[in-house]
Amino acid sequence: MLIKTVFAGFGGQGVLMMGYSLAHSAMSAGFQTTYLPTYGAEMRGGTAHCTVSVGDEEIASPIASQPENLVAMNEPSLEAFQNIVAPGGTIILNSSIIRQKPRRKDVTALEIPAVEIADQIGNTKAANIVMMGALVKRMAIIPPAVFLKSIEEIMGGKKKSALEMNRIAFGRGYDYI
Amino acid sequence: MLIKTVFAGFGGQGVLMMGYSLAHSAMSAGFQTTYLPTYGAEMRGGTAHCTVSVGDEEIASPIASQPENLVAMNEPSLEAFQNIVAPGGTIILNSSIIRQKPRRKDVTALEIPAVEIADQIGNTKAANIVMMGALVKRMAIIPPAVFLKSIEEIMGGKKKSALEMNRIAFGRGYDYI
Amino acid sequence: MNKVLIQGNNIIAEAAIRAGCTFYAGYPITPQNEIPEYMSEHLEKRGGIFIQAESEVSAINMVAGAAAAGARAMTSSSSPGMSLKQEGISSMAACEIPALIVNVMRGGPGLGNIRPSQGDYFQATRGGGHGDYRVIVLAPATCQEMADLTMDAFDLADRYRSPVMILADGMMGQMMEPVVFKEPKPRSYDLKYAMRGAGTGKSKIIRGLILDPYEMEENNWRLIRKYACITDNETRWESYLTDDANYVVVAYGTAARVTKGAIKRLRAAGLKVGLFRPISLWPFPSPALRSLAEKIKSFFVFEMSAGQMVEDVQLALGGAADVAFYGRPGGVVPTPAELADAIIRQYR
Amino acid sequence: MNKVLIQGNNIIAEAAIRAGCTFYAGYPITPQNEIPEYMSEHLEKRGGIFIQAESEVSAINMVAGAAAAGARAMTSSSSPGMSLKQEGISSMAACEIPALIVNVMRGGPGLGNIRPSQGDYFQATRGGGHGDYRVIVLAPATCQEMADLTMDAFDLADRYRSPVMILADGMMGQMMEPVVFKEPKPRSYDLKYAMRGAGTGKSKIIRGLILDPYEMEENNWRLIRKYACITDNETRWESYLTDDANYVVVAYGTAARVTKGAIKRLRAAGLKVGLFRPISLWPFPSPALRSLAEKIKSFFVFEMSAGQMVEDVQLALGGAADVAFYGRPGGVVPTPAELADAIIRQYR
Amino acid sequence: MKKVFSKPKCFKDNIMHYCPGCGHGIAHRLVGEVIDELDIRGIAIGVPPTGCAVLAYNYIDIDMIEAPHGRGPAMATAIKRVLPDRVVFTYQGDGDLAAIGIAESFHAANRGENITVIFINNGVYGMTGGQMAPTTMSNQKTTTSPYGRDVISAGFPIKVSETLAALGRTAYVERCALTTPAGVVKTKKAIKKAFRYQREGIGYSLVEILASCPTNWKMTPLDSLKWMDQVMLKEFPVGVLKDIGVTEKGADHAD
Amino acid sequence: MKKVFSKPKCFKDNIMHYCPGCGHGIAHRLVGEVIDELDIRGIAIGVPPTGCAVLAYNYIDIDMIEAPHGRGPAMATAIKRVLPDRVVFTYQGDGDLAAIGIAESFHAANRGENITVIFINNGVYGMTGGQMAPTTMSNQKTTTSPYGRDVISAGFPIKVSETLAALGRTAYVERCALTTPAGVVKTKKAIKKAFRYQREGIGYSLVEILASCPTNWKMTPLDSLKWMDQVMLKEFPVGVLKDIGVTEKGADHAD
Amino acid sequence: MKGKQGKISIREEFCKECHFCINVCPQGHIAPAATFNSRGYRPIAINPEGKPCTGCGLCALICPDIVIEVYRE
Amino acid sequence: MKGKQGKISIREEFCKECHFCINVCPQGHIAPAATFNSRGYRPIAINPEGKPCTGCGLCALICPDIVIEVYRE
Ligand SMILES: Cc1ncc(C[n+]2csc(CCOP(=O)(O)OP(=O)(O)O)c2C)c(N)n1
Ligand SMILES: Cc1ncc(C[n+]2csc(CCOP(=O)(O)OP(=O)(O)O)c2C)c(N)n1
Ligand code: SF4
Ligand code: SF4
Ligand code: SF4
Ligand code: SF4
Ligand code: SF4
Ligand code: SF4
Ligand SMILES: [Mg+2]
Ligand SMILES: [Mg+2]
């Protein structure tokens, strides 16, 4: 088993954090994993993206040639990556920002109004966690508890309220699909 | 035919000039020739030396492994080079400054009190030309006229008196042996 | 033995600190910035010295000074910055100053880009600097190796009083994999060459200047003998599925990772392909490769460059087997599928 | 056609001016100081620009700027200074800026000494700088060649829009031999790449930065194709007494001179030895050498280094003949007699 | 109504790659406006740096040649000497000019090369992710000074303009700031004067422009303008540091 | 009678390789005398330059490490940081310090490294044969300025000491000249103060020493002293350019 | 420019939401738009509650991305 | 140091004939020697016509080559 997921959006949407949390929880869940961010000038202004590979044996290339999943946070990202998604794969898109629909017909598209949902629970910034809820459910290999544990570890000293906020945001995303 | 001559002395004794004048006159006389000076830090304070090769066919290495002639202007130079002179070769030494005699017995040693001679004609600095007189005579392949012509060319715009001075100095050295 | 998920560049920095590195000087350049950034946050807290130098030229000479004073010292940079360090590296090799130099390669030549590349192999293994010298060059292919080889590098530097280079690339520097930091060897080397003030004893001189060419030649031969000894003792490589292979790919670092992916595909398609992965690029594991050539007659060199290591492969094989080459210069990391296709094209 | 007796370094400077070089920037270093000194005296008088740069790093970038502005430009240095120019050279290769770079090699590594040496062969031919690039490297063995190759170098630089290097050594730079300056080719190349202000037309951009790796790769392959074309068309060599030879010495520059002396001795002693002298070090005259191997089975490589060109010889011969090596690193120029002995020891 | 403000004629139509609120965008535009107003698009040659502005040629439509990090003044020196009647300028960041390139900057200024240096001081290494620059404020946190710039080990922020103004052959050195529309206007005047001096052969000119880098300062664009005003301008006071033009040839007819 | 003057204890017995009348010889001896008097032979670490003084270790019997041309201050920075209780100094020529090494010199001074720089200004590149240095006098003929230094293209002689004294964290900068016995005594005092300041942790010190290079000036040793007095000292006035020690900790008890 | 009449045109795609313009506009004539541009930024728009544009050009002067064109009588 | 008595000793081999010392000696106590040292320089010697050495040390201070040792009462 080897599942690759590309996360893409513009700087400030917490894209790299999404990828890291997936890789971390995959590690905790006992899988092999690699995480590869974009880096350097590209992050500036333009779009940021990262790739997480999760598998049960040694992972050769951390790069996503044909990712099973794409998590798209804005339109340029959907544009940039929808064509490389593996046939039968999944595109989870942030429908609050992305107005168009994916061109690909051979993939499942899950539209999550992440910003609205986050706004509802009073924290626009949590939109990325909402998306993670949907992704983790869809991937169905990482127990939600393990993921939330990872989030806690990653956020380290963050105060309870923030953690609670993530818990809720994750739940909303998880239950949305 | 290939004749190599090493000129050695301390900075300011006109050692490089001696070598250049020999190479230049050799060229004028229609021979193949190379000139290789010492360069860089060594010239400072310490001894300067140069090697001139004169031959009738392509000259491979401009370096003197076994020079036929050594022109030594001071004791350190004699020390440094007398051992490499070819058996049967010649050491022309500036006896005004060099008190010791060459250790080598298988070479001809010509002692020229160059400084005294130059002093006599009223120009200590001409000691090197005195030595050249002796050398050119000893080598016996470059016509004195050709050599003096080269000196003129080399010194270019120098005024007559200076050229005349060299003419005399050269003659003294030439006649000394 | 707890696993942590951290990034390649940070792994190098953390491993160095654990290995007793107490001095870091460097200058920012992508894709290795996380090394100086990590050092600036952690090194001084843990008793070391961090200096952001005004340039790579200054950084390499600071490292030379610190190492000459007896510290375990390191610098890091990426391709253009490495070019600026060449005089300093040549000088350190001449003065036999041990230190770690990390090059996280990017696309070149010139300013190029910041993508993963292997275009600096010649510079690293042939001495981009002037004169006859070599530095030990280690090429990690996993985050775990980033940790292990960094620690080993300091040990090798001390053992041979020589600069040692970790040659990674943007992907190795930026990616994360779970790693476990091993216990570093204690530093048990005689440092009597170190400049620490003469005290009441004889004064020490560290210098590369030897005006007399014959003395210089003697010293050079002494260094060459040292290099020969390194060549005899320090070659490292990995063989992967070579026993039953008809074809063997030779690749290092990131290219070797991609190759493993390609091999899975190829073997699935019934093509018996193996991998020979040099870990020490200098000394190059020529004997090991040469002995493989006793049964394997077709080697396929893959580099993320226009072809540099391929010369070492040819020199090692000396005509004993044929050598094909596939290169992707300029910052491109091909997919395992692309590589697999290239291999099939070559041998079908 | 009048002969003049001037020194190697001055010959390069004079030949460059005659070839239309109108810009020189350099920094003092022995044994090449006579080049900047000559330029400072003559270049401006003859309509050019001389700048003593604050460093070699600055000098190479000044040359890049001048050449990019359309001038025939050059710099010169010696080993340690050349190491500092590597980033600039890589950048010029990437930007395809034509210029002449002279390296009058001295003993290395490090500060070393100022004696003649050939220790920078790897740096010159393998790109001491980062990334996949090559520069044309020409190695003169006589003062006459210093003059001729300098003029040719500017022509080659323009033809291929590439930096071209003259690789000489302290002996070539310091010695004098009578030379005759040939008439230089007129400069008849399209300079539309030159930065001279856009006027009313399209603006020009000269850059090495190509952030997209696939674009960068395309550009690299384009450069590689250019290098291949250079390899096909610009190899130069001299064969000396190889027709009846049983053994052939491969040597360049000063080492080749010494070899001719040794060959005289050896032939006098009845040993049929010839010389193959690469004049272009990159591209290396592999085909010519290879074809020699059809009848000659023993090649003897002699370098004033610990062994660098010997790799190109082995790569060229690919096992077709055996290769012996004799090296004298660190600034030593052996005598023809010493070399002859070494050859006899090898083959008796 | 007539158009009173729009994109400079010498500008290409690309969206700039800079971050929201980045000072480079304004500085680029001002250079473009001055090139338009002096009508020198055809004779201007720019040397962009290795830094965030490396892609300046994607926006300003003039001849440009990229310089290796810090070496712009060396390149510009040569270009100007080869083409004395062109207007040659470097555009450099503070890391580029004051760290790796200080030697080239110092010596080009000391030689009094008749070039113009547009010096964008944002107090950090922008392109590489906000590391400490020679111009970083005392105690300022950056990715390589996570506890704040320690002046005891890193020294005080370097005032390059003051250093270069003190050299014998520099002609015009002014420091400006892009914090307000007025500052923007002042900056444009300074750039215009610098280019004019170059054309008049008055000599080396440098315009230091304090500019925002919200991304690496980890501030909102608006907060970064506030911070510049409250902190950066205290350390780097704006104003003319040197101007030989006013006296010499009374050339200061800056409008 | 008792011996009142002889070779410093920390000196080796080699004849120095310098030319007749070379200022390096005196400067070396003074460094040696100060090392003796402060009794720091055991903790002194010297960084000789690439220049005529590259062989300083043949004369002064202390730990020394050669620096690549111009990089002494970078090396010294690291050595001092690793060994804070040692006395670390560079010994640099004007080409080494002001040309190729200006970046390292400028930044080490700006960081305020607690090191001492002995700066030998002889206005030329001595070792390489008398080429023009950044400090060469206006109109002075050298092997690379055969018609005299043209300030229009080469700029004015650089006053490094003034530039570095202006930086925030430099502690002590003085210029001296080896033209007379009195000047020699002053120079020794300056070196002694610089070393003492370093030991007291007062900070970065630089002693610029105007020194003769008869060989490359193409003068007799005696004429070169005259020339220094008549020409060089006019351009480079001797004196203390900065001294925070006198105020701070009242540390100026120079004898 | 009292009483002067002006107007601005906005190149939404160029806007990066830095709000420099909003901050300097003396008329409060500009405000964030409700929607995003394709690059994910909320560009500016004319502020319905704002006073009329005088064409003073301050917004354009401070705009880093040449988003605003200004017209004046 | 009026009237003081002193003397100097000379390490001939170290002397490079720069004459700095001769130039500064208030007593004219030193002068060029008649002969050369082995390195080709005429070292200094005591000047028979000179006044006696006072041991002031000026010569030693200015000597670049540590040729002179000075003794004083
Ligand atoms: C030789 C070299 N060293 C380092 C780098 C990496 N690098 C690129 S830009 C830059 C500094 C950018 O900072 P600055 O000059 O202040 O410009 P800004 O991005 O802040 O405008 C650095 C260190 C490089 N490209 N080349
Ligand atoms: C990288 C490099 N560039 C150039 C040189 C050649 N070089 C040696 S010493 C020197 C300058 C010497 O002048 P200075 O620093 O003034 O010292 P001085 O000899 O005058 O005391 C130069 C250019 C070198 N060794 N290394
Ligand atoms: S990083 Fe800073 S300087 Fe670079 S583009 Fe972004 S804001 Fe501007
Ligand atoms: S060249 Fe000048 S500096 Fe060098 S030793 Fe001679 S006199 Fe002294
Ligand atoms: S032109 Fe003036 S009034 Fe109109 S929007 Fe801009 S700032 Fe406001
Ligand atoms: S200033 Fe320009 S970029 Fe910023 S919000 Fe206003 S229009 Fe948009
Ligand atoms: S000590 Fe004084 S008096 Fe004696 S020789 Fe020296 S200078 Fe003259
Ligand atoms: S000063 Fe010293 S070297 Fe010079 S002449 Fe006198 S003794 Fe000799
Ligand atoms: Mg900056
Ligand atoms: Mg000097």
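In this text the structure is predicted, and so the values were computed from the model without any measurement. Order of the sequence lines sets the chain letters (A, B, ...), proteins ahead of strands, with each chain counted from 1.
At a 4.5 Å heavy-atom cutoff, the contact between Ile97(D) and chain E is made by side-chain atoms alone. With a 4.5 Å cut-off on non-hydrogen atoms, Arg81(E) touches chain D through its backbone and its side chain both. Only the side chain of Leu55(E) comes within contact range of chain D, with at least one heavy atom under 4.5 Å from a heavy atom of that chain. With a threshold of 4.5 angstrom between heavy atoms, Ile62(E) approaches chain D through N, CA, C or O but not through any side-chain atom. The contact between Ile205(D) and chain E is made by backbone and side chain atoms together, counting heavy-atom distances below 4.5 Å. Proximity to chain E is limited to the side chain of Ile49(D), based on heavy atoms less than 4.5 angstrom apart. Contact of Ser90(D) with chain E is not made at all, since no heavy-atom distance falls under 4.5 Å.
For chain D, the option among Leu83(E), Ile65(E), Asp61(E) with the highest count of heavy-atom pairs below 4.5 Å is Ile65(E). Across Gly199(D), Ala73(D), Ala66(D), the residue that shares the most heavy-atom pairs under 4.5 angstrom with chain E is Gly199(D). Note on Met75(E), Lys80(E), His69(E): by heavy-atom pairs under 4.5 Å with chain D, the leading option is Met75(E). Counting heavy-atom pairs closer than 4.5 Å to chain E, the top residue among Val63(D), Ile51(D), Thr200(D), Thr22(D) is Ile51(D).
Proximity of a side-chain donor or acceptor of Arg71(E) to a complementary backbone N or O of Ile100(E) within less than 3.5 Å is detected. Lys189(E) places no side-chain N or O within 3.5 Å of a backbone atom of Lys193(E) that could act as its donor or acceptor partner.
Remark: of the listed residues Gln198(E), Arg196(E), Arg199(E), Gln198(E) is the sole one forming a side-chain hydrogen bond (donor to acceptor under 3.5 Å, both in side chains) with Thr116(E).
Remark: the Ser58(D) side chain and the Asn61(D) side chain contain no N/O donor-acceptor pair separated by less than 3.5 Å. No hydrogens or angles considered: a donor-acceptor pair under 3.5 Å links the side chains of Asn103(D) and Asp120(D). In the model, Ser77(D) has no side-chain atom that pairs as donor or acceptor with a side-chain atom of Lys85(D) under 3.5 Å. Looking only at atom types and distance, the side chain of Tyr189(D) has a donor-acceptor partner in the side chain of Asp155(D) under 3.5 Å away.
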Item to check | Audit row: Thr30(D), Arg106(D), side-chain hydrogen bond (donor to acceptor under 3.5 Å, both in side chains) steps and yes/no | outcome: CA-CA 8 Å; Thr30(D) 311; Arg106(D) 55 188 247 175; 5.4 Å; no

